[in-house]
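Labels below follow one simple rule: chain letters A, B, ... track the order of the sequence lines, proteins then strands, and each chain is numbered from 1.
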Protein chains: 2
Amino acid sequence: MAEELPHRHATLDEVAALAGVSRSVASRVINNAPHVSRAKRESVEKAIRKLGYVPNPKARALATRQAGAAALVISRDDPEVLTDPFFGQLIAGVAGALEEADLHMMLCVAATPRGRERVEQLVRSRAVDGVMLTASHEDDPLARIAKESPLPVVFGGRPVDFEPRWYVDIDNVGGARDATEHLLARGRTRVVTICGPQDTEVARSRHRGYREAMTLAGLTPRPPEVGDFSEAAGAAAMTRLLEAHPDLDGVFAANDNMAAGALRALRGAGRSVPEDVSVVGFDDLAVAQLTDPALTTIHQPIRDLGREMARMLVGVVAGRTAGPLILPTHLVKRSST
Amino acid sequence: MAEELPHRHATLDEVAALAGVSRSVASRVINNAPHVSRAKRESVEKAIRKLGYVPNPKARALATRQAGAAALVISRDDPEVLTDPFFGQLIAGVAGALEEADLHMMLCVAATPRGRERVEQLVRSRAVDGVMLTASHEDDPLARIAKESPLPVVFGGRPVDFEPRWYVDIDNVGGARDATEHLLARGRTRVVTICGPQDTEVARSRHRGYREAMTLAGLTPRPPEVGDFSEAAGAAAMTRLLEAHPDLDGVFAANDNMAAGALRALRGAGRSVPEDVSVVGFDDLAVAQLTDPALTTIHQPIRDLGREMARMLVGVVAGRTAGPLILPTHLVKRSST
DNA sequence: GGTCACAATGGAAGGGCTTCCAGATCCGTT
DNA sequence: AACGGATCTGGAAGCCCTTCCATTGTGACC
């Protein structure tokens, strides 16, 4: 019974006709709905096979008002973001969870004005059942649209300027606290930090974690130096810190790139790591394994982040309630501490 | 005239009613079609604004038989593939080109049987206007389905077992030839190669490029050693090559990972690079800049690959004809030659 | 044997849009 | 003033499915 793929699609009507039933019955068979006798069910199934019938998802979407798809929106001006392996892992997580729910994934890169407009259109036209919004920055117009839309929107990472109804985030505060406490546990007491840009929630949270750990240990947090998350900025910040605190013996950098820069600057200043100074990063990017010495850092479960975002969205779409979800991080001990 | 986003969507009928025209006219205005008087056009536009009307893409798709979307299918058993920065760049290229054509991107990861089934469903149900198929391996069932489908399918990379109607590929032969000729140009004459698995077109082509360059220079290509594209395999292959050809002075490895392994094996054998032996890789992955010495390699324009795949698909969907496209590579000179 | 509850069935009404087509309008020509 | 032609216009027929509802059929139970 090897069927050709017919160029013209069979319709449900044709299936029903061939099976000698009404379209309603055929539809019920397709959707595995009750109220179909065993005999008719089989006869419809046979007709489906014979005609190579595949339901038309557009017609179905129109009738059910469900798109059968969710959008993953990457909202960032820089089209290069995707090069970051972060997104590969995030996408992998999202893909897996959407597959479980049998939803398709629409991937939207909102890097240009045109791209952002398209996303807005997508949301307003309800071409998808829900949206996962990530990499959103402060004053992101998409965040506003998403916030106002009746469509379920799950945020990846808590936005800096409001608390969305649904979001999944990494435990930045806890991770930073762990990192700092790790430094303290190794006997470091003059611990400083290199922060990220203060208009990002990530940077703020990680800074908060540092302060909490210091205060908890009865130490006074030292004023941070700020960088833009780049290696160069990390090196520059480290240099400034060495001037301000020549006695420092521990550094918590808000991400691995800056930590790598800090290592470079420390070496340049003649301090040896981890003998004189211990350094901890955050993110556990590939670079963390390639620095010399290899970087102790906070690993974040990016793939889980994607998975949980998708699961949360699926839940909300299905009418289940859900609250924010914060995923735990863990420290990866390498040679820089 | 700040409109609320109404929870219930306005329909074209309502727009038409408000504007005092028929639905046909309203539709023509939406689609920028001719045969609408200036007055009615404006009145419809006003109604659209007033109602905050956004066309329902599902209804439109049903009526036009166009999905307004293309699928990028990543067909690989390993769900980890996405972690490879390769895909980030590919996706970025595809996203940009689809945006130009105002098509949405459906991203399908066909890593599990379930995933593959979903892709098949997608293709057969014509839920998208076309497909870009990448990372497809030999005997990939999806490749077969794609081949038989009436839907336009653009392959990323030429499959090993047949020549698809539409595909975009990197010039693997030319790149490998350039790599080998670069070695020869630097005075190396006893040049060997480390191949990839011979069931991939990439590996075959790169091996062919090596042989062509050797033959063209009047030299006899030496029998290759084969690895699975991993660093460890590269090191092992290099060790075997050193035994078989103790006099070798140049190595072309079919990818950077294996080249990195080769460098390690060479150092282990006491040969210095590039003094005793020159090494060239292929891919220009991040690792190429991190090896010691930094690796001379063939850069491939992955983002362009994505862009051109999408453009080709858009063209085919629009009814334009197109043939295969081979993108040029270029050699990046570093310290290993 | 008569009721009742419930399963099975098919007709019909949508869901919201595009597009064909026939008829109405308008213009410039002769 | 009549006419050919192009330009508008709206009615209606799709596109293909889901789902409500009224109708019919079935078995259980008293």
Side-chain angles (χ1 to χ4, degrees), chain A residues 6-45 47-48 51-69 102 121-122 124-129, chain B residues 6-45 47-48 51-69 102 121-122 124-129:
Chain A
H7 257 246
R8 201 193 147 288
H9 258 36
T11 71
L12 190 54
D13 274 315
E14 291 163 6
V15 170
L18 181 61
V21 302
S22 75
R23 192 177 22 192
S24 322
V25 171
S27 174
R28 278 185 217 115
V29 173
I30 302 282
N31 295 299
N32 244 317
H35 304 306
V36 179
S37 68
R38 188 170 186 73
K40 303 223 163 184
R41 168 156 274 137
E42 279 166 6
S43 125
V44 169
E45 277 162 357
I48 289 174
L51 295 175
Y53 171 74
V54 183
N56 179 327
K58 297 145 190 169
R60 190 176 256 180
L62 182 58
T64 59
R65 294 120 201 255
Q66 302 214 332
D102 204 25
Q121 196 76 358
L122 197 76
R124 301 189 36 156
S125 71
R126 293 200 193 28
V128 289
D129 295 325
Chain B
H7 257 246
R8 201 192 147 288
H9 258 37
T11 71
L12 191 54
D13 274 315
E14 290 164 6
V15 170
L18 182 60
V21 302
S22 77
R23 193 180 25 205
S24 321
V25 171
S27 175
R28 279 187 218 112
V29 173
I30 302 282
N31 295 300
N32 244 318
H35 305 306
V36 179
S37 66
R38 189 171 185 72
K40 301 225 164 182
R41 167 155 273 134
E42 279 167 6
S43 125
V44 170
E45 278 162 356
I48 289 173
L51 294 174
Y53 171 73
V54 183
N56 179 327
K58 298 144 188 168
R60 188 177 257 181
L62 182 59
T64 59
R65 294 124 205 242
Q66 303 214 331
D102 204 25
Q121 196 76 0
L122 197 75
R124 302 187 38 155
S125 70
R126 294 203 195 26
V128 290
D129 296 324

What is the distance, rounded to the nearest whole Å, between atom NZ of A:K58 and atom P of C:dT18? 14 Å
Non-neighbouring partners of B:R41 that pass salt bridge (charged side-chain N to carboxylate O under 4.0 Å, His left out), sequence neighbours left out: none
Between C:dC17 atom P and A:N56 atom CG, what is the distance in whole Å? 17 Å
Not counting sequence neighbours, which residues clear salt bridge (charged side-chain N to carboxylate O under 4.0 Å, His left out) with B:E14? List them please. B:R8
Scan residues 30-40 of chain A against DNA chain D and write down, sorted by residue number, each residue with any heavy atom closer than 4.0 Å; if none is found, say none. A:N31
Excluding sequence neighbours, so at least two apart, what forms side chain to side chain contact (heavy atoms under 4.5 Å, CB included) with A:A19? A:V21, A:S43, A:V44, A:A47
Quick one: side chains of residues 33-40 of chain B, donor-acceptor pairs under 3.5 Å with protein atoms, not counting sequence neighbours, listed by atom name and distance.
residue : atom : partner : partner atom : Å
B:S37   : OG   : B:K40   : N            : 3.4

How bent is the helix from C:dG1-D:dC30 to C:dT30-D:dA1, comparing axes over its five end pairs at each side, to the nearest 10°? 40°
Name all residues meeting the side chain to side chain donor-acceptor pair (under 3.5 Å) criterion together with A:S27; count only those two or more places apart in sequence or in a different chain, and write none if there are none. A:N31
Residues in side chain to side chain donor-acceptor pair (under 3.5 Å) with A:R28, at least two apart? none
Is there a donor-acceptor contact under 3.5 Å from the side chain of B:D129 to the main chain of B:Q66? no
Within the modelled atom types, does a donor on one side and an acceptor on the other bring the side chain of A:R65 and the base of C:dG16 under 3.5 Å apart? no
Atom-to-atom span, CZ of A:R126 to C1' of C:dG15 - whole angstrom: 14 Å
Check each residue of residues 14-24 of chain A for a non-hydrogen atom within less than 4.0 Å of any atom in DNA chain D, then write out the ones that pass by number, or none. A:R23, A:S24
Determine the minimum heavy-atom distance between B:Y53 and B:L12, stating which atoms define it. CE1-N, 3.5 Å
Leading and trailing nucleotides of DNA chain D with any atom under 4.0 Å from heavy atoms of chain B: D:dT7 to D:dC16
Restricting to non-hydrogen atoms, name the atom on B:A127 and the atom on A:P57 that form the minimum distance, rounded to 0.1 Å. CB-CG, 3.6 Å
Earlier contact from the 5' end, DNA chain D, for A:R28 and A:T11: A:T11
Pairs meeting criterion salt bridge (Lys or Arg N to Asp or Glu O under 4.0 Å) with involvement of residues 55-64 of chain B, two or more places apart: none
